[in-house]
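Side-chain atoms are counted along with the backbone in the values below, which use heavy atoms only and exclude waters and symmetry mates. What you see is a predicted model; the values in this text were computed from it and never measured.
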Amino acid sequence: MTTDTTGTTDTTAPSGAPGAPDGRTGDRTDARPGDRTDTPRRLYADPGPADRVFRGVARAGGGLVLAVMLLVGGFLLHRARQALDRAGGSFLTTENWEPDAGNFGIAAVLLGTVLIALVAIVVAVPLATGAALYISEYAPPRLRRTLISTVDLMAAVPSVVYGLWGVFWLEESILPIARWISTYFGWIPFLRVDGADPDDPLAPPTVYTSSTFVAGLVVAMMVAPIICSIMREVFSQAPAGEREGAYALGATRWGMIRSVVLPFGKGGMIGGTMLGLGRALGETIAVYMVISQVFTIQWHVLQTGTSSVSSLIALRYGEATAFGMSALMAAGFALFVMTLIVNFAASSIVARSRSGASSDA
């Protein structure tokens, strides 16, 4: 807008200004608001050579892990094809293990594997949860560092050491407890012991040895440090703002743990439990040293005699024929698939949980 010397006002907008009628750089003055469309500008950030190299290495490592896992599964399936073709669906329902006679299956050993793992988890999870809560919430800083190192060292102890401990000390020491459980809770089907006489204090204790219960306790001592380490790490990441908010509202330490730490770490607790279950399913040497292998479905966890897939492979590997080796590979493939399912379930639960989230406070 310009004003000449006569005092008249010129309302013509200069060319190229906003509202100019030619529309070369601005909008038309008669354009409606809905006619204008805004296109967002595309942003691109160069991560730099170091980030690109790290991303490539990470992708290559992840792909290599998946490739190795697929190769292991493919190898087991290829070697097991001969036995699976002959056994068919009966491979999952047959109790006996006589591959050279054509009468073999993993019904008994698979059930024994699951029962040993369940006993281990039932014992290990409360123990690991209590230890993790004490280390992360109650222990003094100096004692906390010592306990963390001790738990990590327990996870690194070889399984044969746990097996020797179970054979030469635990089995004899746990017999009175097994007898007491059978005496007072034998009305529960899986806690009943056939051949045991609770009214005879001189009854031989051999009916309680080499049982699922003993093997489960040994495996529990092996998986408890792993579960404890995962839970402790998750508990320590509970948001500080929510902890302080609970204290500000008058909560005690246990009230804060119950309302903040445990809900926050629920996913990590489940994931650690599932990871421990996967380890318990595949334990070999310690279970092989403790149990008395029987090829029959054994539901009584306190009674002598049980079996597992891994101990079956360790027991029959040296004397197996070509077809027997194929049958062992089939059993190993079944254990491989079951362990993968458990671990993938654990990863899915942890990924969907709130554990590891940061606080907004």
Side-chain angles (χ1 to χ4, degrees), residues 73 76 80 84 87 89-97 104-128 159 162-163 166 178 181 185 188-194 210-224 226-227 270-316 327-349:
L76 291 175
L84 292 177
S90 63
F91 182 72
L92 298 175
T93 58
T94 303
E95 301 179 25
N96 297 326
W97 187 261
F104 64 99
I106 60 171
V109 295
L110 197 61
L111 177 63
T113 302
V114 173
L115 289 178
I116 292 174
L118 289 179
V119 171
I121 292 301
V122 168
V123 175
V125 169
L127 180 63
S159 59
Y162 285 102
I181 296 175
F185 298 95
I188 302 176
F190 67 92
L191 295 180
R192 188 178 69 251
V193 176
D194 296 334
S210 303
S211 62
T212 301
F213 180 61
V214 178
L217 291 180
V218 174
V219 177
M221 296 300 104
M222 300 178 62
V223 301
I226 300 173
I227 302 174
I270 297 175
T273 301
M274 299 291 282
L275 184 61
L277 177 61
R279 168 70 187 277
L281 289 172
E283 181 51 43
T284 305
I285 299 300
V287 175
Y288 174 72
M289 295 175 66
V290 171
I291 67 173
S292 176
Q293 191 91 15
V294 293
F295 297 102
T296 182
I297 292 180
Q298 173 63 276
W299 289 95
H300 306 156
V301 298
L302 299 176
Q303 185 171 321
T304 184
T306 185
S307 56
S308 71
V309 175
S310 55
S311 62
L312 167 66
I313 297 174
L315 177 66
R316 297 299 179 89
L328 292 178
M329 291 293 178
F333 178 74
L335 180 62
F336 176 78
V337 172
M338 184 168 58
T339 306
L340 279 185
I341 293 174
V342 171
N343 289 332
F344 278 133
S347 300
S348 176
I349 293 172

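- Closest non-hydrogen pair, A330 versus L84, comes out as CB-CD2, 3.8 Å.
- With I121 as the fixed residue, the side-chain contact (heavy atoms from CB on, under 4.5 Å) test singles out one of V219, I116, L277: L277.
- Scanning both residues, I291 and A215, for their nearest heavy atoms gives CG2-CB, 3.6 Å.
- F190 contributes atom CZ, which lies 9.5 Å from atom CG of L115 (distance to the nearest 0.5 angstrom).
- Residues W97 and L328 have side chains in contact (heavy-atom distance under 4.5 Å, counting atoms from C-beta outward).
- When all heavy atoms of H300 and D194 are compared, the pair lying nearest together is CE1-OD2, 3.3 Å.
- By the 4.5 Å heavy-atom criterion applied to side chains, I313 and T284 are not counted as neighbours.
- Residues L110 and V309 meet the side-chain proximity criterion, which asks for heavy atoms closer than 4.5 Å.
- Atom CG of L315 sits about 10.0 Å away from atom OG of S308, to the nearest 0.5 Å.
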* How far apart are the C-alpha atoms of T296 and E95, what are their side-chain angles, what is the distance that settles it, and do they pass the side-chain contact (heavy atoms from CB on, under 4.5 Å) test? -> CA-CA 5 Å; T296 182; E95 301 179 25; 3.3 Å; yes
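- At distances below 3.5 Å, at least one donor-acceptor pair connects side-chain atoms of S310 with backbone N or O atoms of E283.
- Note: Y288 OH to L312 CG = 11.0 Å, rounded to the nearest 0.5 Å.
- In this structure, S211 and L302 have side chains that are not in contact, with every pair of non-hydrogen atoms separated by 4.5 Å or more.
- One finds the CD1 atom of I226 at 12.0 Å from the OG1 atom of T273 (value rounded to the nearest 0.5 Å).
- A distance of 14.0 Å separates OH of Y162 from CE of M289, quoted to the nearest 0.5 Å.
- Looking at every heavy atom in both residues, A220 comes nearest to A120 through CB-O, 3.4 Å.
- What you find for G216 and V119 is that their closest heavy atoms are CA-CG1, 3.8 Å.
- Going from atom CG of L118 over to atom CG of L281 covers 8.0 Å, rounded to the nearest 0.5 Å.
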* Asked: What do the steps show when you test L275 against I227 for side-chain contact (heavy atoms from CB on, under 4.5 Å), and what is the final call?
  -> CA-CA 7 Å; L275 184 61; I227 302 174; over 6 Å; no
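- For the pair F295 and V109, the minimum side-chain heavy-atom distance is below 4.5 Å.
- A pairwise comparison of heavy atoms in A331 and F91 identifies N-CZ, 3.7 Å as the closest pair.
- Using a 3.5 Å distance cut-off with no hydrogens or angles, the side chains of S307 and Q298 do not pair a donor with an acceptor.
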